[in-house]
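Single-structure report; data block below.
Note that these values count all heavy atoms, side chains included, but never hydrogens, waters or copies made by symmetry. If you're wondering where the values come from, they're calculated on a predicted model, not measured in any experiment.
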Amino acid sequence: MSPKTLSLLRTFAPLLGIAVLAVVMLVVAPAVLSPFRLNSLGKYTCWAIAAVGIGLAWGRGGMLVLGQGVFFGLGGYSMAMHLKLEAAGPDGIPDFMLLYGDGTMPAFWEPFRSGPFTIFAILALPAIAATVLGWAIFKRRVKGAYFAILTQAMAVVFATLLVATIQETGGFNGLNQFTQFFGYNLYDPVNKQMVYSITVVLLLVCLLIVWQLYRSRFGELLVATRDAEERVRFLGHDPANIKLVAFVVAAMMASVGGAMFAPIAGIISPSDVDATASIFLIAGVALGGRALFLGPALGALTVGYGRTSLSEAFPNQWTYFLGAMFIVVILLLPRGVGDLPRLIRSTLDRRTSA
């Protein structure tokens, strides 16, 4: 095979992977899975969307983001607020505000009656928050363990705030009991499958965006910043700006995943956005391979399936099995399960040459 052909295969192999994933999730899965299992796959897909962004920030940018649950929550709560107001009717207020409060709705809820505003907020809120936070962190050259600790602390603070504001956000119970999704009845199985399909399409779009970023000059600068930050600065580029772009894109993808999680899961609560949830997102990326193109998404899907299947088979011990799996993978496959084909090829090549 000629070098030119090999180069083309390497360039467009990710597109082939996206196409295969699209067929499996949009054609095969709806045909073979029950509505319950398909809905569960939809939840895993939401985590995969967030994982794609983590792969960009951590795998290519070297930023261990342990607080993506915050951005996942911004999108999830923005969508949930719209769905609660949609269920309450044109002039109604969410039911939990009658139960826990005095029946008055906070002013910041009102704009979320609008569908277009909600979609705008799902993208704008994480972008603004990530820009402010990232600018403060990267301009001060905070990185490594300190960056990871700061982002994880942010997730803890966010979850604590949600629990404390029971009259505004539902507190520990979160927001639930969604009946409508932009005018479509969520109790209709056809509409549930439509929401699942939208989620899968959004995952594919995020993968295409990341693929294009990886191939662009920005992608090269991001890798260079990860590996030789001072050299990038010496060449006239500001590493803080490069990191900031990746951090903001990852935040927006996490928010999109959270926004679709709310109607699919039927609930969004502090337990879905706290530090533990953020760590599970990181675990999926590490399992699949943070530096590989499809590794983060496939890893998140695998972790989601593992959590469900193990918890069903071993209700009290499933966390131990999942933890043991992560330890084995990290020890034997530090670059993730997605790196296994490369290791097999390398082993076969060594044996052939010997």
Practice task
Using side chain to side chain contact (heavy atoms under 4.5 Å, CB included) as the criterion, list what pairs up with V156, not counting sequence neighbours.
Solution key: T160, A275
For residues 124-140, dump all side-chain donor-acceptor pairs below 3.5 Å to protein atoms at least two apart in sequence or in another chain.
residue, atom, partner, partner atom, Å
T131, OG1, A127, O, 2.6
K139, NZ, D238, OD2, 2.5
R140, NH1, A136, O, 3.1

Completion exercise
Residue pairs meeting salt bridge (charged side-chain N to carboxylate O under 4.0 Å, His left out), one or both in residues 197-226, sequence neighbours left out, come to none
Handout entry: Pairs where residues 177-188 contributes a residue and the test salt bridge (charged side-chain N to carboxylate O under 4.0 Å, His left out) is met, not counting sequence neighbours
Key = none
In a table with atom names and distances, give each donor-acceptor pair under 3.5 Å that connects a side chain of residues 242-257 to protein atoms at least two apart or in another chain.
residue, atom, partner, partner atom, Å
K243, NZ, E229, OE1, 2.9
S255, OG, G75, N, 3.3
S255, OG, I122, O, 2.6

Practice task
Could you list the residues that satisfy side chain to side chain donor-acceptor pair (under 3.5 Å) with D272, not counting sequence neighbours?
Solution key: S269
Completion exercise
Quick note, side chain to side chain donor-acceptor pair (under 3.5 Å) partners involving residues 31-50, not counting sequence neighbours, are R37-E312, Y44-T308
Completion exercise
Those residues at least two apart in sequence (or on a different chain) that pass side chain to side chain contact (heavy atoms under 4.5 Å, CB included) with Q193 are P30, L38, S197
For residues 76-97, tabulate all N or O donor-acceptor pairs below 3.5 Å that involve a side-chain atom, not counting sequence neighbours.
residue, atom, partner, partner atom, Å
S78, OG, L74, O, 2.6
H82, ND1, F112, O, 2.8
K84, NZ, D95, OD1, 2.9
K84, NZ, N176, O, 3.0
E86, OE1, F182, N, 3.1
E86, OE2, F182, N, 3.2
E86, OE2, G183, N, 2.6

Exercise for the section: Applying side chain to side chain contact (heavy atoms under 4.5 Å, CB included), name anything that partners V24, two or more places apart in sequence or on another chain. Expected result: V20
Problem - Residue pairs passing the ring-ring contact (aromatic ring centres under 6.0 Å, His included) test where at least one lies in residues 154-176, sequence neighbours excluded - result: none
Problem - Pairing residues for Y187 by the side chain to side chain contact (heavy atoms under 4.5 Å, CB included) criterion, not counting sequence neighbours - result: T179, N185
